[in-house]
Structures are given as structure tokens and as C-alpha cells.
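Here the structure comes first, spelled out in C-alpha cells, and everything after it is commentary.
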Amino acid sequence: MKGIITCIAFLNFFQSGVFGQLIPLGYDTLILHHEIIVEGGIDFASTAIQKDLSRKFLFGGYIDNTIKDNSYNRHGVVNRIGVYGGINLEYRNYTKKVFKKKNWGYLIKVGADVFGGGVYSQDLFGLSFYGNDRYKGDTIDFSGSNFSFMSYQKLGFGMVDIKSKSAISINLYNINSSLRSSFRTGEITQDINGDQIEFILDGDVELANNNKFNQGIGLGFDIDFKLPISIFKDQISYIQFKAKNIGVAYMNEKQNVYSIDTAISLNGFEFEQLIGGHSIISDSLSILDSLGVHSIEKNRTTLLPGYLQVGKIVNNNMNAKLQSFFGIRFYPTLIFSPYIYTGVQYSPFKTVVFGLNVGYGGFGKFRTGIYSNFNFGNYSVGLASENFLGFVTKKASGQSLFIRLRCAI
Amino acid sequence: MTKKPLLFTMKNLIAFAFFLLLIVCCKKNKTVWNTDWSLPVINDTLSLVNLVNDSTLSEVGGFYELNLERTLFDLDLGDLLEIPDTTIYEAFVFSASINLPPGFNFVNSIEEHDLAVEELQLKTIILKQGFIEVKVANPLGTTTMFNVELPGVTKDGVTFTNQYSAPPGTNANPGIIEETIDLTGYKMDLTGITGGGFNKLKSQITVSTDPMGSPVAITPNEITQVDVRLRDVKIDYARGYFGNRLFYDTTIVEIEELGIVSSGVLDLPNTNITVEIENGIKVNAEGILTTINNENTSGNVVTLSSTQVGNSFNIDPAMGTWDAINPSLKTIIFNSSNSNIESFLENLGSKHELGYSIKLNPWGNVTGGWDELFPNRKFRVRLNVDLPLMIALDQLVLRDTFDLDFTQNADDTNVKYGELLVQISNAFPCSASLKLFFLDALGNVLHQSNGTSKIESAQFGSIDLESGLMVANSELRLILGEEILDDINLVKHVIVQSEFNTINPVSNINEPVGITVGAFIAVKVKTKITTENKL
């Protein structure tokens, strides 16, 4: 059984080419001196896009009409898509006390993360993957579409409680990519013959105007507190309050902000507009102006893509082989709906745990997760997926794989 | 615990982390999908309506007629009658040392100054523009008054006179005063003191010492002087003898629209071309049209042959005065009986050359110096063409070249297929076919795209209820296939070529046909492209 699950996990890991982010750490009061944790991975999810399409974006390849149709037909009025992931290295030292306080060690962490996604309509998917030609005599409506993306690197310093492993850290961030777009109104209407096309647009797009590695700097914090509560009789459970990457960033490099608020009806240009020195196509600014697009450059302050998570975690100090966990995670953004999850952990031996969980929300809908963790003396290796179906059927929406390597002495 | 296992562990963990990162970064192939886009590009209606009533077209019997009126040159003789800048220098010198009492006057007699104008014998002029710069230098030890008068230079009947008060000075450092006066609108009598001369400007300058000052001694070395400079003169009116002047030039007129004719035959009906020479100046002249020819895009030159080219003709002077002047008009008509005008026009020259020369007063001063130039009167040559647009086109090919700078990279998102859908409603009595040629930087044709059908002549159409005209509807496609788009980075020029015919539906041969008033061609062009998107 162990070998099968291990094989499945590693097989999928190499198939997908992504690597894992997070396995729920249990409450552990074991006294340690040093601890090194490397964790990473990626979670791609969608309410409608099937794995056969999303895999093309991970591994490359041609997206034919069958693949497009499979995903297109699953789209509803409002759809979500998103990805988060990264790789983080954390070192914890429980022997050196900070602030001369007996029970607090220190930690140092470095990492690189991405977070991005959006809410969109079926028509926007259709426009992106089929083009506008199939919408003759129809209206492409992508009002309410909202996308954002940020990638960053971080360096954090903090304290960790020797017993409960509760931790807090202050982090510095280098924002190397940021993109936002929002269309309050977005409608493209074409007549049946393609003679006329009408745009009603009200939205903004913001993106970097250069390729510099440093686009902004940020300051934020991570906290991880575990509080004992009594849910079942004669049994202590632990609630984990976790906040990660909570803070703000200042984009010190100016960002291009394109704003459009216009209603344009286009049925073709006159020859005078196309030919000669004053033609609109000889000047890209004229084209933008004629489309009602205005652009400015500006520095801005923005929230980091942090999340909050509250939930019951397993207690490693208990002898029970079967334990439950549950909780909720949310990002303070419209593109990510609150994600609720619950699951059970089974530990047949002290060195092995398996977990199964189900969740709903986030960038997707209903998802099933699986994880495992193996201890080899001071080392442990954990693998998990928050979307197990993503490994077994192409009809799944998204894929997820996390890995954690840990050394504790 | 020893440190060795920890270090060993850290190394392994970091190595494994890089290994994982490597897998993520090593995406072998791009994600590729195709999308189909369509967009209306052109929606316009072309007609000849804008050319009607702007001296290009007129409507005769329900058909258009070319009624071209163009001014070939417009000569303002006032700009040619130049008066160079002229300086009047007056000096006052005493032969012996004397003491001058306050208020002492010494007056010069009226002096004449020749204007340095060649060939011209001007008696009276009125200035459209002109300035006088006066500079007086006073070496006396008292304030000195200068009165400058230009007899015969008047405005509204008042002679030009002006007074200047120069401060005391010395011979080495005289008291100087300078002033510029605008002479615009002044009339100048240039007949001199006798009244029978020409080109002579008169002046009289009076100098007096300050009546309230002290007596002052003056020696022969102390020179009191006045400089009067007439500059930047332009003439509004002139009377005199304008000389035996010769003006000649060769004017080149480019008709760019005809530069796109590539080959084929245009058959025009008989027509007249009239050259009108209007003389608004009261002076006799003699003119010669030295050459008239045109050159088409094939380099073929046709010279207009006529006895009226190369031979001189007289141009009478204008009659009347001032606002009541009547220009003389010399009309030269070229038609089929006195010239090769038809073949001249059918050459469809895009470059026209017209040489002329005009000689004033060819018989000398026969008016007794009474040539006259009035304000805003000119020497003009106009061209009038009356041509019924009853034209036969036989495989007439027009081609025009446009630059193209479109690059794409096959490794990135690129256009795989393109199509131009052209929808035409044609009320002109000619058919046309369309071809696109794609050329590299050296002009070599790389690819060609032919329209899938031709634009049909209105003669093959039906009555359009809205316009009441015969209209033929056509639809054709120009395909930009993969082979063209694969080479699109090499394409630097695109030739649009169209071949026109006026085929008679009954006889099935190209025959002359009139262009109906209100004829139009409505054009809709839509694109459809397939992009190969790559991420």
C-alpha cells in the first residue's frame, strides 16, 4: 500500500513537472534544536477548464478544437481560474533564544511565490480560444472580468515557540511582476454579416512598462499560532491561526495603467483615414485615442497576495491512528472564493501518515485531496495534492502537487 | 547530534530543491492554439460628387463632363519691379571758421538722387511697403535741429517732412539721432526737379542751431551730416516705362493620379484645350508657348504639335484705371483640327511640361512712359479643358505601390492565414480585376494573390431603387495563404493592380461609355485572419 501510494505520488509528480507546496503540519511539542524545511509546489485550479487543456499550458502542445470544446462547454456564467505556488526554504533554530525569552527560538526564511487568477465569463474564454469570428450575430460579454497576478521573492526573519512551534516572521519582498486588469463593462457585439462591430468597454489594465527584476518592494508578515481547545470530551484539539504574506508593496517602478471607457461602433474606415500621412494606422497613439484608450504611468501601493487560514489541525502527540482536520482559507481578493476543507489523517505507524481531504471553493469547485508523510529518522518527506482527481482523469479541473522535505534534529 | 548529518542534510535538500526547480523550468514545447478573427476594415463610398462645382467636373445631359480650370502661373509684376535700397547723403561744411548765433539756419537746395533701377523709367510709384532710416550727426557744441523734407513724396497730399533734434557733440564724438519711418502708402513723384525726368528722388534738408542756446563756433573741419536710407521698397502702383523685359520659365505639372497607369488603352472623344492669357497690366507684351509635352509612366513622351506652339503672339495691354481696369485676354485653342491634342491626352501623361516666355514692350517705349501697374493686377495663364467623360477603357491597368512593414516570428504568435473579403456595389460603367503583388526590398515579386472574381461593370447590373442608377454587386476574395505569410518578413512593398475595361454587354467589346451623374462605387472590405497563438 505504502509503495503504491508513493509510486502514484512520484509518478504524478514527474508527469506534471510541478512540485508541492504544503502539507498540513500537525501539532508537535517534540523538543528540537534545529529544523530545516523546504517546501514548494504549485496548485492550479479552475471551475471549468479541464486538465487536458491546462496540461497544454504546463507541458506545451497543440490545443485542438476538441480540447477547447471540452472546457468551453463546462463554463458557466461566472468562472474562476487561478494558480498559486512557489518554493520556500525555512531554517529554525530552537537553541538560540531571542529577546532572552526562554521559549522562543528564531527562524530565517527565503522563498519565491506566484499568485494569480481571475474571474471571467464563458464568452471571454471563447474569445481567447476561438477568436471573435464565431460570435457573428452575437454579443461577447465579459463584464465583471477581473484578473490579477503577482510574483515575488521574500526574505523573512522571525521567532518560533520551542514547544508549540507557533511562529511569527517579518518579511521583505521583492515584487518582480505585477499585473491587474478589471473590466466593469465589456461587451463586443457583431452583426451577422460581420459588417459592424460595437465595443462597449469600461475597464483598466495595469502592467509593468519594463523588464526590471525589481518592480516593487514590500513589507509583510507571516504568523502561525496554535491554540488548544476542547472539542471532544477529555481530548485537547488544536486550532491553527495562520496568516501568510499579509502586507503591502510599493511599486517603485512606474506601472502602465491603460484605462478605457468608451462605446465605439466600427463598420470600417474610410480611405482617407487609412491612406496618407495622417492615417490613423500610421500612429499607434491615434489608434489608441480613437479607441478611447488613455494611458498613464504611476507608482502605486498594493496589497500582497496574502491569505488567512483557520482550522483544526491534527495532534501528533496523540496516540490515535485516525484524526480529523478541517478549516477555511481565504485570500482578500474577489478572484479567490473562500476555500473550506475537511479531512482525516491515518497513521498506521509512527513514521507514516496518510491523509484524505475534500474542499470546496478557492479557484475551483469541489476538490479531493490526498497526502502522505514519511519519517526516516531526522528526515521526513511529504507529498500532497489538493486535487487528487487532477492526476487520474483528464476531465478534472486543475492539478495540484506539493512537496515538503524536512530535517529536524 | 553532530554537525555532519545536518550539513549533509542541508546539501541534499538544496540539491533536491534545485532539481525540482529545474523540472518546472524545463517546459519543452510551447502551448499552441488557433483563433479566428474578423474585422470590418473599409466601408466607404467613392464618387465624383466632390469634384463637381470645384472647376473639375460638370454635369451635362445626365453625364459627367470634365471641365478643368487651372491657373498655370500667376505673375505679380510688382514683385519684379524692384527698387534697390537707396541712400541719400547730405553734408554741411563751412569754408571758414565762424561763430553761429542761436537760431542760425543753413539750408541746402533741393537735391536729386537717382534710384538705381535698371531698364525701368519710373515716374510715379505708390509703395506697398517701404521704410526710411534717417541718421543725423551733429558735431556742434549746441543742440541742432534738422528738418528733412522729401519734395514729391506725399501721402494724402501732404509732403513728407520730419524734424530731428540732435544733441550737442564734437567732431570726434558727434551727437547722433536715428529714426525709422514707415513709408507704406506714400506716393513718390520721381520726375525730378524739372518734372520731365524719371527715377529721381528729391530731398531738401534744413539745419538750425538751438534758438535758446549759446553762440557756437564752427570750423571747416566740423561736418554736419544727414544720411537718409530708403529700404525694402515694394510697389503697389507704378507708372513709367517698364522696359523691354523678358520673363520665361518652364513649368512642370505632375499629375500623380496618372502615375499609376501601367498599360492599356484609353480612348477619349474629341476635345478642346484652351489656354487663356490674362494681362492685367497696362503694357504691351509678346508671348510664346515654347513647348508643351507630357510623359507617361512608360516614359513615352508626346509633344503637343500646333502652329500655336513656338510662334509668338501679341498680348494687348489692359484698359481702364484702378478698380475699373479691364484685363486683356488672349485665348489659344488647341483642338483636333489644329493639333494632336487627342493623342496628347491619351498618352495619359503624369508629367506635363509647359514652357513660355513673355516679353514686355516688344516695340520699345511706344506709350511715352505711360505703362501702368495697378494694385493686385497680374499676368495670368489659365488652362481650360472641356472633355465629355465618354471613355473607352481597354485593359487599362492601374497599379500603385505601397510600403509594407509587417514582421512576425513563427516562434511567437503569428498570422497563419488571412483573407480580404471585398464587397463592391459599382455604378461606374467599367469592370475591374484586382491583384496583389508582394515584393521584396529589391522589387522582386515573391508572391501574387489574385481576386477570386472581378468587380463587375454597372452595365451588367440592375437598377438600384435607392440611387436610380444601374449598379452591379460583386464579391471577391484576396487570399493571403500560408506561403505568403511565411515570407511576410521579406515583403517590403505591395503592388495593388487593377485592370479596367468598358465592355458593352451587347457587343462584348470595349466601347466608349459615359459616366452617369451620381455614379459611385461602394466598397466594403473585411478581414478574416487565423492566428496561431503561442505561449
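Throughout, protein chains are lettered first and strands after them, A, B, ... in sequence-line order, and every chain is numbered starting at 1.
Surrounding CD of B:Glu483 are more than 12 heavy atoms belonging to other residues, nucleotides or ligands, all under 6.0 Å away. Within 6.0 Å of atom CG in A:Asn211, 12 or fewer heavy atoms from other residues, nucleotides or ligands are found, so the atom counts as exposed in its surroundings.
In this structure, B:Asp44 contributes its side chain and A:Phe271 its backbone to a donor-acceptor pair below 3.5 Å. With hydrogens and angles ignored, the 3.5 Å screen pairs no side-chain donor or acceptor of B:Thr35 with any backbone N or O of A:Tyr130.
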_Candidate pair A:Arg134 and B:Asp36, rule salt bridge (charged side-chain N to carboxylate O under 4.0 Å, His left out), full reasoning_ = CA-CA 8 Å; A:Arg134 65 148 43 191; B:Asp36 298 319; over 6 Å; no
*Evaluate the criterion ring-ring contact (aromatic ring centres under 6.0 Å, His included) for residue pair B:Trp33 and A:Phe129; output intermediate values, then yes/no.*
CA-CA 7 Å; B:Trp33 75 99; A:Phe129 284 91; 5.1 Å; yes
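Neither the backbone nor the side chain of B:Glu532 comes within contact range of chain A; no heavy atom of the residue lies under 4.5 Å from a heavy atom of that chain. Using a 4.5 Å cut-off between heavy atoms, A:Leu127 contacts chain B through both its backbone and its side chain.
For the atom pair OG1 (B:Thr31) and OH (A:Tyr62), the distance works out to 13.0 Å, reported to the nearest 0.5 Å. Summarising the geometry, atom CG belonging to A:Asn132 is positioned 7.0 Å from atom CG belonging to B:Leu39; distances are rounded to the nearest 0.5 Å.
Looking at heavy atoms from C-beta onward, A:Phe269 lies out of side-chain contact with B:Asn43 at the 4.5 angstrom threshold. The shortest distance between side-chain heavy atoms of A:Phe57 and B:Leu535 falls below 4.5 Å.
Within residues 409-422 of chain B, no residue has any heavy atom under 4.5 Å from a heavy atom of chain A.
The minimum heavy-atom distance linking A:Asn267 with B:Pro40 is given by the pair C-CB, 3.8 Å.
Of the residues considered (B:Asn533, B:Val525, B:Leu46), B:Leu46 shows the highest number of contacts with chain A, using heavy-atom pairs under 4.5 Å.
With sequence neighbours excluded, the residues forming a salt bridge (Lys or Arg N to Asp or Glu O under 4.0 Å) with A:Asp195 are B:Lys524, B:Lys526, listed by chain and number.
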